[in-house]
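A short write-up of the structure that comes next.
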Amino acid sequence: MQEQTRAYLRGRFGDHYRRTEFTPPPDANEREWGYIPWTEGPGETMVRHRSLLDVGSLEDFLARERPKHVYFSAGRYESPGASSMGEKTWRSSDLIFDLDADHLPSVTLGEDSYAEMLEKCKDALFRLLDFLDSDFGFEDTTVVFSGGRGYHVHVRDDLVQELGSDARREIVDYVRGIGLDPDLLTHQEMRGTSLSRVLETEGGWGRRVHEHLLEFVDGVLAMEEDDAKARLQEMDGIGEGRANTIYGALESNAEMLRAGNVELGGVGLRTLLDAFVTEVVEQQNAPIDEPVTTDVNRLIRLPGSLHGGSALAVQRLTRDELEAFDPLVDAVPETFVGHEINVQVTDPGTVELKGDSFNLQAGEVSVPEYLGAFLMARGRAEKAPE
């Protein structure tokens with residue numbers, strides 16, 4: 001990034017901070033604060049181990065320093081400004097989840113557009129929130145668009161605050177479905193005069209597997225018999241004999257399966273169940289970034305700040321806003337709207353931003369400032385003389 005580009009962005013970031021009101025996280029004075037300034041060269045240097053006593057008023061600090069990135073810690077400490085983690089004396093930590101489009105199995109880097117990556121990340125976010133709401137019953141959750149490629153979720157329920165890294169890793173394994181044992185999704189109970197294996201259907205992974213299994217069964221029963229049996233034989237471990245047994249059991253008594261009874265059809269249906277556990281984990285897990293969640297000292301982006309790699313806002317979102325939220329429209333800072341600037345495009349191509357699609361050619365061009373800031377922050381343009 002050239003000096004004139006860096007100076008321009010730093011100045012306009014400062015303009016944004018002077019007109020923005022911030023809501024600090026709870027217990028802000030017990031947290032560590034850090035930031036990355038607009039320094040020369042390709043690398044970035046983190047300035048950290050600061051407390052609010054060190055930086056003073058948050059609004060004044062941001063307007064004065066005009067940083068490229070701003071962070072606060074998930075952890076709370078006795079001495080948050082101490083220069084080493086040991087000296088800080090850890091007290092508690094929020095539980096943080098990070099979803100990054102670059103790390104999603106559903107995203108194809110180099111093929112998916114930025115907008116498509118963000119949309120797939122939002123789908124993963126809804127899956128994560130289902131785990132946090134339905135499976136864990138967390139009540140104090142905050143969703144934040146990261147300003148870059150994904151979303152953060154902050155959990156601040158009292159019961160998570162003192163969890164160590166190992167306990168947090170167990171939560172990671174659960175939402176990612178790592179090591180999920182199909183046998184743990186069922187229990188045995190008396191159904192009539194016999195002991196039956198019954199799938200948990202009220203919640204957790206059992207509910208997800210049961211819903212997926214019923215969807216498959218409904219599809220099979222809607223087919224002609226020969227087609228249905230052929231479809232069953234496509235599943236691992238299901239041969240012609242087991243397919244006949246399963247189909248006959250489903251056709252005559254599918255309601256037992258709807259109630260969770262997986263003894264229906266004998267070994268064949270249990271084989272089918274095991275196969276579906278793998279499928280459901282692949283399709284419905286939340287592919288979060290494990291190191292972020294397990295690190296009790298993690299620094300996370302400040303809502304309301306700007307992301308120095310996109311010039312988009314790090315935006316706190318209510319649950320009611322999530323469905324309609326479009327980060328490439330709604331996270332464009334108002335500071336950059338209503339002005340035109342000249343930039344030198346170095347990486348041409350199509351960019352979707354604020355509801356428009358721009359087909360950019362290499363060279364100098366006049367563009368809306370929000371687009372110019374986005375291009376410069378992402379390293380696709382330099383500031384040109386006005």
Please evaluate residues R319 and T141 with respect to the criterion side chain to side chain donor-acceptor pair (under 3.5 Å), reporting the C-alpha separation (whole Å), side-chain torsions for both, the decisive distance (0.1 Å), and the verdict. CA-CA 10 Å; R319 294 298 184 91; T141 58; 2.9 Å; yes
Please work out which of the three classes, parallel, tilted or perpendicular, describes the rings of [Y] and [X], given edges at 30° and 60°.
{"X": "H307", "Y": "H69", "value": "perpendicular"}
{"X": "F13", "Y": "W38", "value": "perpendicular"}
{"X": "F136", "Y": "F138", "value": "parallel"}

Under-4.0 Å salt bridge between [X] and [Y]:
{"X": "R176", "Y": "D289", "value": "no"}
{"X": "R169", "Y": "E290", "value": "yes"}
{"X": "R48", "Y": "E32", "value": "yes"}

I'd like to know if the side chain of [X] reaches the main chain of [Y], judged simply by a donor and an acceptor atom lying under 3.5 Å from each other, with no hydrogens or angles considered.
{"X": "D295", "Y": "P291", "value": "no"}
{"X": "K88", "Y": "P80", "value": "yes"}
{"X": "R31", "Y": "A74", "value": "yes"}
{"X": "S305", "Y": "L302", "value": "yes"}
{"X": "S146", "Y": "G150", "value": "yes"}
{"X": "T318", "Y": "E321", "value": "yes"}
{"X": "R316", "Y": "T23", "value": "yes"}
{"X": "E382", "Y": "T5", "value": "no"}
{"X": "D227", "Y": "M223", "value": "no"}
{"X": "T346", "Y": "R380", "value": "yes"}

Any donor-acceptor N or O pair under 3.5 Å, side chains [X], [Y]:
{"X": "S84", "Y": "E87", "result": "yes"}
{"X": "Q161", "Y": "R76", "result": "yes"}
{"X": "Q315", "Y": "D330", "result": "no"}

Which atoms form the tightest heavy-atom contact between [X] and [Y], and what is the distance?
{"X": "F131", "Y": "A286", "answer": "CE1-N, 4.0 Å"}
{"X": "G308", "Y": "A377", "answer": "O-CB, 3.5 Å"}
{"X": "A28", "Y": "L52", "answer": "CB-CD1, 3.6 Å"}
{"X": "A311", "Y": "F336", "answer": "O-CE1, 3.7 Å"}
{"X": "D135", "Y": "G204", "answer": "OD2-CA, 3.2 Å"}
{"X": "P303", "Y": "R301", "answer": "CD-O, 3.4 Å"}

Is [Y] reachable from [X] through a run of I, L, V, M, F, W or Y residues, each pair having side-chain heavy atoms under 4.5 Å apart?
{"X": "F72", "Y": "I36", "answer": "no"}
{"X": "I300", "Y": "V175", "answer": "yes"}
{"X": "V314", "Y": "V143", "answer": "no"}
{"X": "M376", "Y": "V365", "answer": "yes"}
{"X": "V281", "Y": "V209", "answer": "yes"}

Could you check whether any side-chain heavy atom of [X] comes within less than 4.5 Å of a side-chain heavy atom of [Y], counting everything from C-beta outward?
{"X": "L360", "Y": "V367", "result": "yes"}
{"X": "V292", "Y": "I288", "result": "no"}
{"X": "E65", "Y": "Y17", "result": "no"}
{"X": "V155", "Y": "D140", "result": "no"}
{"X": "L371", "Y": "L375", "result": "yes"}
{"X": "V160", "Y": "D94", "result": "no"}
{"X": "L62", "Y": "P67", "result": "yes"}

Atom [atom1] in [X], atom [atom2] in [Y]: separation rounded to 0.5 Å?
{"X": "Q283", "Y": "T278", "atom1": "CD", "atom2": "OG1", "result": "11.0 Å"}
{"X": "T142", "Y": "I96", "atom1": "OG1", "atom2": "CD1", "result": "9.0 Å"}
{"X": "K68", "Y": "L306", "atom1": "NZ", "atom2": "CG", "result": "13.0 Å"}
{"X": "T293", "Y": "L163", "atom1": "OG1", "atom2": "CG", "result": "12.0 Å"}
{"X": "L58", "Y": "E21", "atom1": "CG", "atom2": "CD", "result": "12.0 Å"}
{"X": "Q4", "Y": "L9", "atom1": "CD", "atom2": "CG", "result": "10.5 Å"}

Flag the pair Y35 / F61 as yes when their ring centroid distance falls below 6.0 Å, and as no otherwise. yes
Near-ring test Y151/F97, centroid separation under 6.0 angstrom: no
D226 and R231: CA distance, side-chain angles, deciding distance, salt bridge (Lys or Arg N to Asp or Glu O under 4.0 Å) verdict: CA-CA 9 Å; D226 289 344; R231 176 70 182 93; over 6 Å; no
Using the salt bridge (Lys or Arg N to Asp or Glu O under 4.0 Å) rule, take K120 and E116 through it: C-alpha gap first, then chi angles, then the decisive distance, then the call. CA-CA 6 Å; K120 290 179 179 180; E116 290 169 335; over 6 Å; no
For a side-chain contact (heavy atoms from CB on, under 4.5 Å) check, start with the C-alpha distance between M85 and H49, then their side-chain angles and the critical distance, and finish with the verdict. CA-CA 9 Å; M85 300 313 300; H49 303 304; 4.0 Å; yes
Residues R207, D130; criterion salt bridge (Lys or Arg N to Asp or Glu O under 4.0 Å); working and verdict: CA-CA 12 Å; R207 169 179 62 86; D130 182 53; 3.0 Å; yes
Atom CD of E234 with >12 non-hydrogen neighbours under 6.0 angstrom: yes
Give the table of side-chain donor-acceptor pairs shorter than 3.5 Å for residues 121-128, with sequence neighbours excluded, one pair per line with atom names and distance.
| from | atom 1 | to | atom 2 | distance (Å) |
| --- | --- | --- | --- | --- |
| K122 | NZ | L322 | O | 3.0 |
| K122 | NZ | E323 | O | 3.0 |
| K122 | NZ | F325 | O | 2.7 |
| R127 | NE | N285 | O | 2.9 |
| R127 | NH2 | N285 | O | 3.2 |

For residues 361-378, the side chain to side chain donor-acceptor pair (under 3.5 Å) pairs (sequence neighbours left out) are Y8-E369, R12-E369, E340-S366
Can you list every side chain to side chain donor-acceptor pair (under 3.5 Å) pair that touches residues 348-358, not counting sequence neighbours? none
Step by step, would you call F22 with E59 a side-chain contact (heavy atoms from CB on, under 4.5 Å)? CA-CA 7 Å; F22 290 88; E59 287 80 7; 3.8 Å; yes
Given salt bridge (Lys or Arg N to Asp or Glu O under 4.0 Å), test E211 with R208 step by step and report yes or no. CA-CA 5 Å; E211 290 172 351; R208 295 176 180 87; over 6 Å; no
